[in-house]
Asks: 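Quick one: this structure, given as structure tokens, is what I'll be asking you about.
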Amino acid sequence: MNNNSSLSHRKEEPENGILYIVGTPIGNLNDISQRALNILKNVSYVACEDTRQTRKIMNNFNISNKLISFNKHNSSIKIPKIIKDLKEEKSIAIVSDAGMPGICDPGEDIARSLKLEGMDLICVPGPCAAITALVTSGLPSSSFVFEGFLPKKKIDREKILLEISKNAKTTIIYESPKRLKKLLKELFEFCGGEREIMIARELTKKFEEHVGNNIYEVLEFFRDKNIIGEITIIVKGIKERDLIPNKLVIKKDLKDLISSGLTLSAASKYLSKKNGLKKSEVYNLI
Ligand code: SAM
């Protein structure tokens, strides 16, 4: 590898024996970089999540390089083949359907395998929905937690939701439009309705939309809507001063919830989850 190439503006050619992790657009095809196009055109072949999807991008830029399929179902067979080809001095690009490979997409395992083999890999950075949503949210963005898709299993999911409710850092979540309302209800239960949130829908595309302010308002906004498109969620961290549960505040919340119609048991359950306490600790406040 040429160590002086990092600040170069020339259209460098792919080097033999190198795997290139190439970022591709998350919607707007004009977001592809010159460097990405050059690598996709000139590597020995492109390993991609879905050959039809990548062929569309390549056709758009008049690139007709060889494509092979590389996804979570065939990666255990394809990784050794790619490593063998790299050792035989081929240059290879890996792309996912959209955005950065390795971010909730194939790419993570092959990067790990190459590192374990002591081999070089280079990233040609491109758009990533998580970062695009984060920087447009107006929420603290220099220190954050990326959760990707939350686990489906209830016990694992509730553990992460509790972590999010107590985390002082901004959290980024990916979710399908079909499950957004369920997730918003869970966030309401764990973080409370006043927590700041932004829903970024269809980033970089024609119908891009940013919906915020707090969880309550966002739930109301989507209540009667049929949600479509791709969604990234940004949740503000809890304020430091709210991190230690204040028993007087919890007691007041408990009384408010009971007077608005919840049973003592249901109100205690909600507040125990919200504050990371045992249900009995909340129950016994009254
Ligand atoms: N590797 C991709 C990246 O770098 O962002 C993420 C792939 S993951 C399988 C797909 C998820 O990313 C979607 O379900 C959605 O949560 C998010 N996403 C992708 N494109 C998006 C867009 N244009 N607007 C909002 N969210 C998007």
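Just so you know, ligand 1 is whichever comes first in the structure, and atom 1 is the first atom listed for that ligand.
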Asks: Do E230 and R201 touch side chain to side chain, with heavy atoms closer than 4.5 Å?
Replies: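 They are not in side-chain contact.
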
Asks: Are F190 and I173 connected in a single hydrophobic cluster, I mean Ile/Leu/Val/Met/Phe/Trp/Tyr linked by side-chain heavy atoms less than 4.5 Å apart?
Replies: yes

Asks: Determine the interplanar angle of the Y174 and F146 rings, folded into 0 to 90°, and report it as parallel if under 30°, tilted if 30 to 60°, perpendicular if over 60°.
Replies: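 Perpendicular, since the angle between the ring planes exceeds 60°.
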
Asks: State whether E220 and R223 are salt-bridged, where the test is any N-O pair (Lys NZ or Arg NE/NH1/NH2 against Asp/Glu carboxylate O) under 4.0 Å.
Replies: yes

Asks: Are N65 and L40 close enough that some pair of their side-chain heavy atoms sits under 4.5 Å apart?
Replies: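 Contact flag for N65/L40 side chains = no.
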
Asks: Using a 4.0 angstrom limit on heavy atoms, which residues are close to ligand 1?
Replies: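 Lining ligand 1 at under 4.0 Å, by heavy atoms, one finds I26, A98, G99, M100, I103, C104, D105, C128, A129, F149, Y174, E175, A200, E202, L203, K205, E230, I231, T232.
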
Asks: Going by the rule side chain to side chain donor-acceptor pair (under 3.5 Å), which residues pair with N42 if we only count those two or more places apart in sequence or in a different chain?
Replies: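 By the side chain to side chain donor-acceptor pair (under 3.5 Å) rule, N42 matches E13, N38.
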
